[in-house]
Amino acid sequence: MTTPTIEQIMQHGSVRSYKPDPVAPETVETIVAAAQRSATSSNLQMYSVVAVTDAEKRARLKELCNNQAHIAQAPVFLAWCADLSRLDRVCRRRGYTQVTEHVESFLVAAMDASIAMQTATVAAESLGLGACYIGAIRNHPRQVIELLRLPKLTFPVCGMTLGWPAAAPRLRPRLATEAILHWERYDAGDEERYLLDYDRAMIETGIYDGRQVAVPGQEGEVEDYGWMEHSARRVSQAVRTDLRDILAEQGFDLK
Ligand SMILES: Cc1cc2nc3c(=O)[nH]c(=O)nc-3n(C[C@H](O)[C@H](O)[C@H](O)COP(=O)(O)O)c2cc1C
């Protein structure tokens, strides 16, 4: 069973190479309006998005986000922010005090922002545009907050490059659906088979070529470097360890 929507979603690939052609402001507005149709917790709409087209600002964002070339190359950068500040202003107008210090407040706002940005991606891709999330926006949040003039009670949860793809993106295989979907109760039973299959599928894409270094002392043998090795190395390093402090500075105490 499929639909044109599912067909389009199944063609998703992150785009990291863009044509120089601009994206019309009306197109960005259409994409954000579509994103706004997403469900939000209690219709509180606890997110905002800052669209950056200015080349100098994008160059600075590139520097702040691990020097990823596609950030300066894409004509639009979208900074998706958890945003409790609007409701803080609403509370003040109505004579209330917003409770913002618990994990739940930040989680709700971060979920609202995440759901909206995925809807934006689907909308953008339906127009033939390409996008790539930029989690590296959290590498130097203080500088991003200053650059984009983000007020207290906002936080940039994720960036996104947006533009016309220079080439169709390479589609990365996914884990078998059975590895992700559990019926009635969690069951990691057949996991090893799915993981080994996926390792092979990812190696076959060539994504890890060059990472499979020779095993010392074993002629012709290369290191077993697939998705498991790549991902395990990734998650065994501590990254962005100062986020709790920066969130607190922005008014999210995460109690
Ligand atoms: C929250 C999030 C943050 C990401 N951050 C980056 C990033 O900083 N730079 C980048 O090039 N890709 C980034 N990506 C894209 C992922 O690397 C990509 O989605 C994943 O490798 C799967 O590839 P695909 O989207 O092409 O299928 C991010 C994706 C997500 C969901």
Side-chain angles (χ1 to χ4, degrees), residues 6-18 31 35 38 47 49-50 52 58-82 106-107 109-126 128-141 143-144 147-148 155-177 179-180 194-195 198-199 201-211 225-235 237-240 243 247:
I6 293 173
E7 289 295 308
Q8 184 212 305
I9 290 170
M10 296 306 274
Q11 289 307 306
H12 160 79
S14 296
V15 170
R16 297 185 179 83
S17 172
Y18 296 91
I31 290 165
S38 308
Y47 69 98
V49 54
V50 181
V52 179
R58 284 188 288 109
R60 178 68 183 133
L61 283 164
K62 173 191 161 217
E63 281 171 12
L64 294 174
C65 302
N66 203 23
N67 265 315
Q68 300 186 60
H70 44 295
I71 298 174
Q73 197 191 44
V76 180
F77 183 90
L78 299 176
W80 293 91
C81 303
F106 178 66
L107 191 58
M111 282 195 293
D112 279 2
S114 306
I115 291 167
M117 71 190 189
Q118 176 57 20
T119 305
T121 300
V122 172
E125 290 175 350
S126 77
L129 285 156
C132 182
Y133 290 122
I134 303 293
I137 200 171
R138 300 185 306 276
N139 285 8
H140 300 287
Q143 288 86 337
V144 172
L147 184 72
L148 304 181
F155 188 81
V157 287
C158 198
M160 180 190 281
T161 54
L162 184 70
W164 303 102
R170 181 161 62 169
L171 299 196
R172 287 181 190 213
R174 297 293 195 252
L175 284 161
T177 302
I180 300 280
Y194 302 133
L195 292 174
Y198 189 55
D199 240 17
M202 284 294 281
I203 289 168
E204 278 166 12
T205 65
I207 283 168
Y208 304 129
D209 285 1
R211 295 192 191 242
Y225 193 107
W227 179 81
M228 284 199 274
E229 180 66 21
H230 182 77
S231 304
R233 282 189 196 183
R234 183 105 193 198
V235 298
Q237 282 165 23
V239 289
R240 301 171 189 148
L243 286 189
L247 280 162

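Since the model is a prediction, treat every value here as computed from it, not as a measurement. Read the numbers this way: they start at 1 and go in the same order the structure lists the ligands and their atoms.
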Give the atom numbers and elements of ligand 1 that come within less than 4.0 Å of a heavy atom of [X].
{"X": "His12", "value": "24 (P), 25 (O), 27 (O)"}
{"X": "Gly13", "value": "26 (O)"}
{"X": "Ala136", "value": "8 (O)"}
{"X": "Gly135", "value": "3 (C), 4 (C), 5 (N), 6 (C), 7 (C), 8 (O)"}
{"X": "His70", "value": "10 (C), 11 (O)"}

For atom 20 (C) of ligand 1, is the nearest protein heavy atom under 4.0 Å away?
no
Side-chain donor-acceptor pair under 3.5 Å between Tyr18 and Thr161, yes or no?
yes
Is there a donor-acceptor contact under 3.5 Å linking the side chains of Tyr208 and His230?
no
Among protein heavy atoms, which lies nearest [atom], and at what distance?
{"atom": "atom 1 (C) of ligand 1", "value": "Cys158 SG, 3.9 Å"}
{"atom": "atom 29 (C) of ligand 1", "value": "Tyr133 CB, 3.6 Å"}
{"atom": "atom 15 (C) of ligand 1", "value": "Arg16 NH2, 3.6 Å"}
{"atom": "atom 26 (O) of ligand 1", "value": "Ser14 N, 2.7 Å"}

Judging by distance only, is a nitrogen or oxygen of Arg170 under 3.5 angstrom from one on ligand 1?
no
Do you know which two heavy atoms are closest between [X] and [Y], and how far apart they sit?
{"X": "Met202", "Y": "Pro173", "answer": "SD-CD, 3.6 Å"}
{"X": "Ala116", "Y": "Trp80", "answer": "CB-CZ3, 4.0 Å"}
{"X": "Arg170", "Y": "Thr205", "answer": "NH1-O, 3.5 Å"}
{"X": "Ala69", "Y": "Lys62", "answer": "CA-CE, 4.1 Å"}

Within-shell test, Cys132 vs ligand 1, heavy atom, strictly < 4.0 Å:
yes
For atom 8 (O) of ligand 1, which candidate among Arg138, Arg172, Gln68 provides the closest heavy atom?
Gln68
Does some side-chain heavy atom of [Y] sit less than 4.5 Å from a side-chain heavy atom of [X]?
{"X": "Thr121", "Y": "Glu125", "value": "yes"}
{"X": "Val157", "Y": "Phe106", "value": "yes"}
{"X": "Val15", "Y": "Trp164", "value": "no"}

Below 4.0 Å, non-hydrogen atoms only: which portion of Arg174 touches ligand 1? Side chain, backbone, both or neither.
side chain
